[in-house]
Amino acid sequence: MRALPMAAGRAAAVAACASPAVPRRSLLLSTAAAALQPEPVRLTRGASAAPKLRASPPDAAQAAAAFGSKEEAFAWAKSDNRRLLHVVYRVGDIDRTIKFYTECLGMKLLRKRDIPEEKYTNAFLGYGAEDNHFVVELTYNYGVDKYDIGAGFGHFGIAVDDVAKTVELIRAKGGKVTREPGPVKGGKTVIAFVEDPDGYKFEILERPGTPEPLCQVMLRVGDLDRAISFYEKACGMELLRKRDNPEYKYTVAMMGYGPEDKNAVLELTYNYGVTEYDKGNAYAQIAIGTDDVYKTAEVVKLFGGQVVREPGPLPGINTKITSILDPDGWKSVFVDNIDFAKELE
C-alpha cells in the first residue's frame, strides 16, 4: 500500500563503531517473533509462547484499590519512574540489517541470540548500554524474508552533529538516501532521510551533543488530540511540543518522559483528513519501563485504554509485564524496572 505523505519529524544521532555481540539473557520482549499471531511473547531458550496472563487477585485488587480517583491515578502515572526502553520490529535478513546499522548508522551490536526451537533470532542494537539508552530490537522469523511496513509507521530518528557528513558516509557505504540534507518543511532544523534494507526510514537530524542519539519513533494517528490525551493520561507522558503545518497539511506532537534533546520521544503525526492507517505486519511495539505493571494497567483502564495482556510475570523468567493498545491500535508493553535490570545482568 502506498504510504501517505510523511510529515518530517525531529530527533536522533549517529555514533560510535560496531562492537562484538555480548550474549546475554534476553528480556521477554521478542514479541515480534510470530509476525501474524496476536500477543506472541518469547521467553528464554526452550520456552514456548506464553498465553495471556492475569495478575494474581491480591496484586490486581491492591492496584485497583490504590486509586481513589482518576486524578490520583494520573498523579501516580506522572510520578512513576518511566522511560522508553526499546522499539521492536521485524526484518527479513537480520545479518544484513545488523551490517547496515553498524557500518552505515554507527550503532553497536549489544547482543544477539538465536532460538532454533522457536524458529527466530533477535538482536539488540543502539548507541549505548540498554540500562540507560533507547535501543532497537530486531526480530527475524525463520523463512520470512519480507514484511509489509504499512502506511501507519513513519520513521525512526537519529540525531547527529553534522547531517551532511553523516549522509555522505552512509552513501559511501552503499546506503540508500531518500531525502538529501536540508531544512525541514516549515522549519529550520537540517534533516535528511535514509532507508534500511527492509524499507524502514530513518530521519537524520542535526542536533550536536545529544546524549540519546536514537531518540525518536514516529507513528501516524487518526485523531491527534485523542492520541495526545491517551499518552498523557493513560501512559503518563508529557506533551513536549505540538506544531501545526497547514501549508503541508499535517500536525505533529512530541510525547515523552523528559526533554526531547536528552530523551527518546514518540512523535505522533496527523495528516489532515486521514483517520485510519494500514499498519502492516512489520512494526511491533515500544517497550516502556515502570515501577509497577499492576498499577500501570489500572491507570490505562481508568482512562479508557485497552489492556491486551493483563499484568503478571512471564513463566520461566518471572519478568512482570502488561501490554496495551492506544486508540489507533499501536502497541506498548510496560516492563517492571527491577525485573528488566535483572534480565540485563
Between D336 and K342, does a salt bridge (Lys or Arg N to Asp or Glu O under 4.0 Å) hold up when you go through it step by step?
CA-CA 10 Å; D336 181 271; K342 289 178 181 177; over 6 Å; no
Indicate whether any N or O donor in one side chain lies under 3.5 Å from an N or O acceptor in the other, for [X] and [Y].
X	Y	result
T319	E343	yes
N122	T139	no
T296	T322	no
Y250	R220	no
T251	D244	yes
N245	Y272	no
D326	Y231	yes
D198	T97	yes
E212	N263	no

Where is the tightest heavy-atom contact between [X] and [Y], given as atom of each residue plus distance?
X	Y	value
G256	L240	N-CD1, 4.0 Å
D95	K112	OD1-NZ, 2.6 Å
A123	L109	CB-CD1, 4.0 Å
A264	L84	O-CD1, 3.6 Å
M237	K78	O-NZ, 3.2 Å

Any donor-acceptor pair under 3.5 Å linking the side chain of [X] with the backbone of [Y]?
X	Y	value
R309	G312	no
N337	N81	yes
R82	D291	no
T166	D162	yes
T102	K99	yes
S79	W76	yes
E72	G68	yes
D80	G236	no
D328	G222	yes

Any side-chain heavy-atom pair from [X] and [Y] closer than 4.5 angstrom?
X	Y	result
C235	F334	yes
K233	K70	no
H155	E267	yes
K108	Y127	no
L266	L219	yes

Residue among Y140, Y200, Y147 satisfying ring-ring contact (aromatic ring centres under 6.0 Å, His included) with Y89:
Y200
Ring of Y257, cation from R83 - is the NZ or CZ under 6.0 Å from the centre and inside 45° of the axis?
no
Assess the pair F193 and F202: is the distance between their ring centroids shorter than 6.0 Å?
no
Below 30° counts as parallel, above 60° as perpendicular, anything between as tilted: where do the rings of F153 and Y283 land?
parallel
Would you call the rings of H86 and F340 parallel, tilted or perpendicular, where under 30° means parallel and over 60° means perpendicular?
tilted
For the pair K301 and E310, evaluate salt bridge (Lys or Arg N to Asp or Glu O under 4.0 Å) and give the outcome as yes or no after the intermediate values.
CA-CA 11 Å; K301 292 174 184 177; E310 292 291 342; 3.0 Å; yes
